[in-house]
Amino acid sequence: MPSATNPVIVQSDRSVLLEVHNPLYEEARDTLAIFAELEKSPEYIHTYRITPLSLWNAASSGVSVGEVLKALDQYSKFPLPDSVCTEIQQLMGRYGLVKLQRDGDMLLLTAADPVILLEIVRHKEVKLLLASAEQARSKDFSSPSLTQVEINPEARGQLKQLLMKLAYPVEDLAGYSQGNPLSMAWRGENPQGEPFALRSYQQQAVETFHQQGSVRGGSGVLVLPCGAGKTVIGMGVMMELQCETLILTTNNSAVKQWLRELRDKTTLEASQMGEYTGEKKEICPVTVATYQILTYRSKAEGTFDHFQLFNEKNWGLIIYDEVHLLPAPVFRATSELQAKRRLGLTATLIREDGKEDEVFTLIGPKKMDVPWKILESQGWIATAECTEWRISMSKDRRMDYALAEEKGKFRLAAENPRKLEKVSELMECHKEDLVLVIGQYVRQLELLARELKAPLITGKTPQRERERLYEEFRSGSLHCLVVSKVANFAIDLPDANVAIQVSGTFGSRQEEAQRLGRILRPKQGDSRAYFYSLVSKDTKEQEFAMHRQLFLTEQGYAYKIMIEEDLEP
DNA sequence: GATAGCGGAA
DNA sequence: CACAGTCCGCTATC
């Protein structure tokens, strides 16, 4: 029931305001995260927005309209605006109004309400996707009782995309091809020879993906924090399906990592697993490839030479690792592969290019979203303390900043030399810890590394050198590493428990989450991690920093804001 | 036959 | 917004 002491205000434009300093804040935040997206998170009032996609995501993971309305009502100060209730009902009600089903070889688009089907089928672009042109011209389309039409099976993905645009998110129940069978099992892991055991949430993820037999389950996206063991979940799904599998990842070290894990944890033999990369072009019952090789175009022809990998074998499952990074050309391939089971894995289903709805459509609906704080409370990831330090700039720099062109301002603020003093200070506080200093501009990092007398790793650092430094860091003989954006990709970067971010990509929530993830693997004893973000006070960088933090704020991480005293007022 | 180094791409 | 990193495939080198 609405009450003045509640923390939430729901406005008629579908924005939702949440009071941070309210005793019910945390409860309300965790509830809102299920069906709304955090837009702004300044000190006192956070702004969420209820969007069609956020509602459909909730609907597809089984949340009902009633539950959403009840939650809003429960935390709201005032009675909900009627218009918002109506809109939520309307929008969520649209999920699954149309379904894709199979009848023998036929792919059918069905709707309980003939009027809806009529509206859809009359659409110019939809007409092109119908099974036959003849059908498209047929008078049946004005029939008041039409509840199904036959669709060209090839167009399954395209149709889903189109229907999403028309705000009819379709529920795809057309099922999947089984793929070639491949038998595999977990390998005995411990000395007692007991089989490898999934953690409870991992087991739950596998089951959720697989839910309700073969029709409803079988494709979708699982969202899990960094360090939650996504490869293990992928393997868990493979165990369920027992079929030939294609795994797509972002880079070569991830390819190696998958193969290593498969070797260690499953009974698959070496000859059954292979990599398809720039180095080797193996095609095996389980093949691990990079996205880049798929998007490679020959210079002369401009053709995608490696797309045929999708058809090389009768894959029963395709795993998209870090699915939020799925490149646009692979979208197209994926839209043609709707008959294959697809598993997307990611820590943040956020793309700064706004194409997350395409991931949602073409890979599958979000099946599960494990909140970071839940894993923290279960001890799978470390407790982190996040601090944003706002650093002033020198008088001269402030002058430069004021005079700089709009696009140069960000860099000027980011490279504020005064950040160095703060980094040194923080290092003093963390003498016993393993510290990563992470930044985006190599010049700035070179300067920092020199002053801190710490080694620097950038993209130019040879692989050998990197491994040597990683090893020293791991053994503890080295306690500070300065790293550039390599930290965003390198999965072999050792764990630390302190990260100091001195600059980052404009407003990337993804990157912020990744960087926090670097320090969340629990250590022995006191499992605390510290994340510091250094930004120049009263600059564009400060605004971007706020945007970067949104995803983690949504996950319940509270940034403590510290403001450095002005040295020259 | 392996591998290091380079340019272009997304 | 642009910077940085990565990958692929090619060529040179032993």
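Here is the naming used below: chain letters follow the sequence lines, and residue numbers restart at 1 for every chain.
- In this structure Ser424(A) satisfies the side chain to side chain contact (heavy atoms under 4.5 Å, CB included) test together with Leu420(A), Leu452(A), sequence neighbours excluded.
- Listed by chain and residue number, Lys160(A), Arg342(A) satisfy the side chain to side chain donor-acceptor pair (under 3.5 Å) test with Gln338(A) (two or more places apart in sequence, or in another chain).
- Among residues two or more places apart in sequence or in another chain, the side chain to side chain donor-acceptor pair (under 3.5 Å) test is passed with Ser177(A) by none.
- Residues satisfying the side chain to side chain contact (heavy atoms under 4.5 Å, CB included) test with Ala384(A), not counting sequence neighbours, are Leu516(A), Leu520(A), Ala529(A), Tyr557(A).
- Not counting sequence neighbours, the partners of Glu244(A) by the side chain to side chain donor-acceptor pair (under 3.5 Å) test are Asn180(A).
- At the heavy-atom level, Phe410(A) lies nowhere under 4.0 Å from the strands shown.
- Remark on DNA chain C: of its neighbouring residues Lys281(A) and Phe544(A), the 5'-side contact belongs to Phe544(A), judged by nearest-heavy-atom nucleotide.
- Applying the side chain to side chain donor-acceptor pair (under 3.5 Å) test to pairs two or more places apart or on separate chains, those with a residue in residues 284-304 of chain A are Thr303(A)-Asp305(A).
- Among the heavy atoms of the strands lying under 4.0 Å from Thr458(A) are primed sugar atoms or P, OP1, OP2 only; no base atom is included.
- Every residue two or more places apart in sequence or in another chain that forms a side chain to side chain contact (heavy atoms under 4.5 Å, CB included) with Asn497(A) is listed here: Asp433(A), Leu434(A), Lys523(A).
- Judged as a side chain to side chain contact (heavy atoms under 4.5 Å, CB included), and not counting sequence neighbours, the contacts of Ile563(A) are Arg390(A), Lys537(A), Ile561(A).
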Tabulate protein N/O versus nucleotide N/O from nucleotides 4-10 of chain B, keeping only pairs under 3.5 Å, one per line.
none

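- Applying the salt bridge (charged side-chain N to carboxylate O under 4.0 Å, His left out) criterion to Lys230(A), with sequence neighbours excluded, gives no partner residue.
- A salt bridge links Glu471(A) with Arg474(A); the closest basic N to acidic carboxylate O contact falls under 4.0 Å.
- The residue Asn252(A) sits close only to the backbone: its heavy atoms come under 4.0 Å of sugar-phosphate atoms, none of a base.
- On the nucleic acid side, DNA chain C has its first and last nucleotide under 4.0 Å of a heavy atom of chain A at dC1(C) to dG9(C), going 5' to 3'.
- Applying a 4.0 Å cut-off to non-hydrogen atoms, the residues of residues 438-455 of chain A that approach DNA chain C are Gln440(A), Tyr441(A), Val442(A), listed by residue number.
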